Amino acid sequence: MNTKNELLANMSVPAAFFRLAVPAVAAQLINILYNLVDKMFIGHIPEVGKQALAGVGVTAPVILAISAFAALVSMGGAPKASIFMGRGDNENAEKIMGSCTWLLIILSLVLTALMLFFGEPVLMLFGASGDTIKYAADYMKIYCIGTLFTQLTLGLNAFITAQGKTLISMCNVASGAVTNIILDAVFIDGLEMGVKGAALATVISQGVSACLVIRYLTTSKSQLRIRFRNIRFNGKLLLPCVLLGISPALMQLTENMVAISFNTSLQKYGGDIAVASMSILNSVMQFVMLLLPGLVQGAQPLLSYNLGAGNIHRVKKTFNLLLICCVSGSFLIWLVCMVSPTTISSIFTNDTALIAYTGRSMRVYLAALLIYGIQVACQYSFVALDQAPKAIFLTIWRKIIILIPLIFILPHFVSDPVMGVYMAEPIADTIAVCVTAPMFFSYFRKLK
C-alpha cells in the first residue's frame, strides 16, 4: 500500500485530518491575500482611496462568478476522483481530471470574452455609481484577461488536494500570494498605477500559481497525472462531476447574487459609504468562507476516499472532528469581530468615518456567525459524500429563498433601513442552520 493510501485508509483519523487540514486551511487563508492585499493598498491611495475601494468592491460579484465556475469543476471532480482512488481505479480518476481540465479551458475562454464585451454594463448592474465605475472598470478589464490562470489554479489544485498532497497545494497558492504582495507594492506604490496596478499584480500572481499546479500534475511525483489523451470531453465521467459540483458553484454564484442585492440596496439607502463598508464586510466574510471550507477541503479526501472504500467508521469519525473544528473556527472569528470591529475596519481604510460606520454595521451583519460552522460542515460534507441533490437544495434554500428576499424586505420594517439590510444576514444564517443540521444528521445516522 502506498503512502497516500496509508494516510487516507490507515492513519488515525485525527492525525490524518490535521495533516491534511492544516495545509488546506493555510492555503485558503493565503488565497484571500489576492483580494485583501489589493484592497489594503487601494484603500490607502491618497485622495481617491475611498472611491477606489468602493469601485473594486463592486467587482467582487464578477470575481466570485469566475471562482464559482472553477468550483463547478473542481469541487465536483476532486471528490469523484477520490472515490475512484478509494476503489483502486486510478485510471478513471485520471480521466476525470483530464475532462475537468478540458472544461476549465472552455469556461475560461467564454468568461473572458463575456467580460471584455459586457463588463461595464454588468458592473453598473452590480451597484457601481458614477463616481466608482471608472475604478471598477479599470480593475476588471485587466483582471478578466487572467481568467484562464484563475480557472486552472483553483480548478486543478483541488486534484492535488484529493491525493492527500495538501502541503503541495498550499505551496502553489503561497507562491502566487507572495508574488502578489510584492507586485502590489511595486505597481501601486512604486509606479503609482492605482487599481490597474492591483489588477495586473493579481493576474501575474495567478499565472505563477497556475504554472506550478500544472507542472506538479505532469510529473511522476503526482499519483494522478494530466495526460493529453485525457484532455477531452468524456460525458460519462464529466457530467456526474458537474452535477456534484453544482452545489459549491451555486454557493459562490448565489453569493454573487447576494453581493448584487446588498450593493444595490445599500446604494439606495446609504450611498457610497455603505457600499464601501460592505466591501470591507465582504472581505471578513471571505476570510470566513475560505477558513471553514479550508477545513472541509482537508477532510474531503478522507470522507470521499473512505466512502469509496466502504470504510464508514472512518467517514463518521472524520465528520465529527470536522464539525468540532468548523464550529470552533466560526465562534472565534465571531468573537474577534464583536470585540474589535473598528480595529478590523482600520486594516482596510484610514478614513475615520468609514471605520466608525463599518464598526457599527459589522456587529449586526456578523451577529449569527458563531453558529455558521454547522452550516458549512454539513453542506460541504454532503458534496464530499456524493449527495448532490441535498447539497443543491440547501444552497438554494439559504441564499435564494431566505437571504435575498430579506435584503429587500427588512428595510421597510425597521427605523434604520441600512441596518435593516445588514440584519438579513444573521436572520438567514439562523434559519438555514435550523434546517441543515436536522437534514444532515438524519442522513448521517442511516449511512452504512
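Here the structure is a predicted model, which means the values were calculated and not measured.
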Please walk me through it: do Thr153 and Asn172 pass side-chain contact (heavy atoms from CB on, under 4.5 Å)? CA-CA 8 Å; Thr153 298; Asn172 293 335; over 6 Å; no

Pair Phe408-Phe262, ring pair (Phe, Tyr, Trp, His ring centres under 6.0 Å): steps then yes or no: CA-CA 9 Å; Phe408 296 103; Phe262 271 120; 9.0 Å; no

Identify the two heavy atoms, one from [X] and one from [Y], that lie closest to each other, and give their separation to 0.1 Å.
X: Met362; Y: Ser345; result: CE-OG, 3.8 Å
X: Leu154; Y: Ala70; result: CB-CB, 3.7 Å
X: Gln379; Y: Thr436; result: N-CG2, 4.5 Å
X: Gln163; Y: Gln223; result: OE1-N, 2.8 Å
X: Ala210; Y: Phe149; result: CB-O, 3.8 Å
X: Pro79; Y: Ser74; result: CD-O, 3.8 Å

Rounded distance [0.5 Å steps], [atom1] in [X] versus [atom2] in [Y]:
X: Leu281; Y: Leu366; atom1: CG; atom2: CG; answer: 6.5 Å
X: Ile246; Y: Cys241; atom1: CD1; atom2: SG; answer: 11.5 Å
X: Arg314; Y: Met11; atom1: CZ; atom2: CE; answer: 9.0 Å
X: Gln151; Y: Ser67; atom1: CD; atom2: OG; answer: 8.0 Å
X: Ser328; Y: Ile333; atom1: OG; atom2: CD1; answer: 11.0 Å
X: Ile404; Y: Arg398; atom1: CD1; atom2: CZ; answer: 10.5 Å

Heavy-atom side-chain contact between [X] and [Y] under 4.5 Å:
X: Val213; Y: Leu152; answer: no
X: Phe69; Y: Leu104; answer: no
X: Cys337; Y: Ile344; answer: yes
X: Leu200; Y: Leu183; answer: no
X: Leu303; Y: Ser381; answer: yes
X: Ser12; Y: Phe17; answer: no
X: Tyr143; Y: Met115; answer: no
X: Ile371; Y: Ser330; answer: no

Does atom [atom1] of [X] have more than 12 heavy-atom neighbours from other groups under 6.0 Å away?
X: Trp397; atom1: CH2; value: no
X: Arg215; atom1: CZ; value: no
X: Lys141; atom1: NZ; value: no

Within the distance-only criterion (no hydrogens, no angle test), does the side chain of [X] pair as donor or acceptor with the backbone N or O of [Y] below 3.5 angstrom?
X: Ser222; Y: Thr218; value: no
X: Ser442; Y: Pro438; value: no
X: Ser279; Y: Val275; value: no
X: Glu94; Y: Arg225; value: yes
X: Asp89; Y: Asn92; value: yes
X: Ser99; Y: Phe233; value: no

For Gln300 and Thr161, test the side chains for any donor-to-acceptor distance below 3.5 angstrom and give the result as yes or no.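 No, because no side-chain N or O of Gln300 sits under 3.5 Å from a partner of the opposite role on Thr161.
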
Donor on one side chain, acceptor on other, Ser205 and Thr179, under 3.5 Å: no

Evaluate side-chain contact (heavy atoms from CB on, under 4.5 Å) for Tyr443 paired with Leu385, printing each intermediate quantity in order. CA-CA 11 Å; Tyr443 158 80; Leu385 297 173; 3.7 Å; yes

Measure up the Phe444 and Phe441 rings against each other and bin them: parallel (under 30°), tilted (30 to 60°), perpendicular (over 60°).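 Rings of Phe444 and Phe441: perpendicular, over 60°.
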
Any ion pair linking Lys399 and Glu425 (charged N to carboxylate O, less than 4.0 Å)?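 So Glu425 does not pair with Lys399 through a salt bridge.
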
Take Ser277 and Thr358 through the test side chain to side chain donor-acceptor pair (under 3.5 Å) and record every step on the way to the result. CA-CA 5 Å; Ser277 175; Thr358 306; 3.1 Å; yes

Tyr216 ring centre to Lys221 NZ or CZ under 6.0 Å, with the angle to the axis within 45°?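 No cation-pi geometry.
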
I would like to know whether Val242 and Leu103 meet side-chain contact (heavy atoms from CB on, under 4.5 Å); could you show each step before the answer? CA-CA 10 Å; Val242 171; Leu103 184 55; 3.9 Å; yes

Evaluate the side-chain contact (heavy atoms from CB on, under 4.5 Å) criterion for residues Thr112 and Leu148: first the C-alpha distance (whole Å), next the side-chain angles of each, then the deciding distance (0.1 Å), finally the verdict. CA-CA 8 Å; Thr112 301; Leu148 178 62; 5.9 Å; no

Just one of Asn311, Ile312, Ile83, Val13 clears the side-chain contact (heavy atoms from CB on, under 4.5 Å) bar with Asn306, so which one?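 One option only clears the test, and that one is Asn311.
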
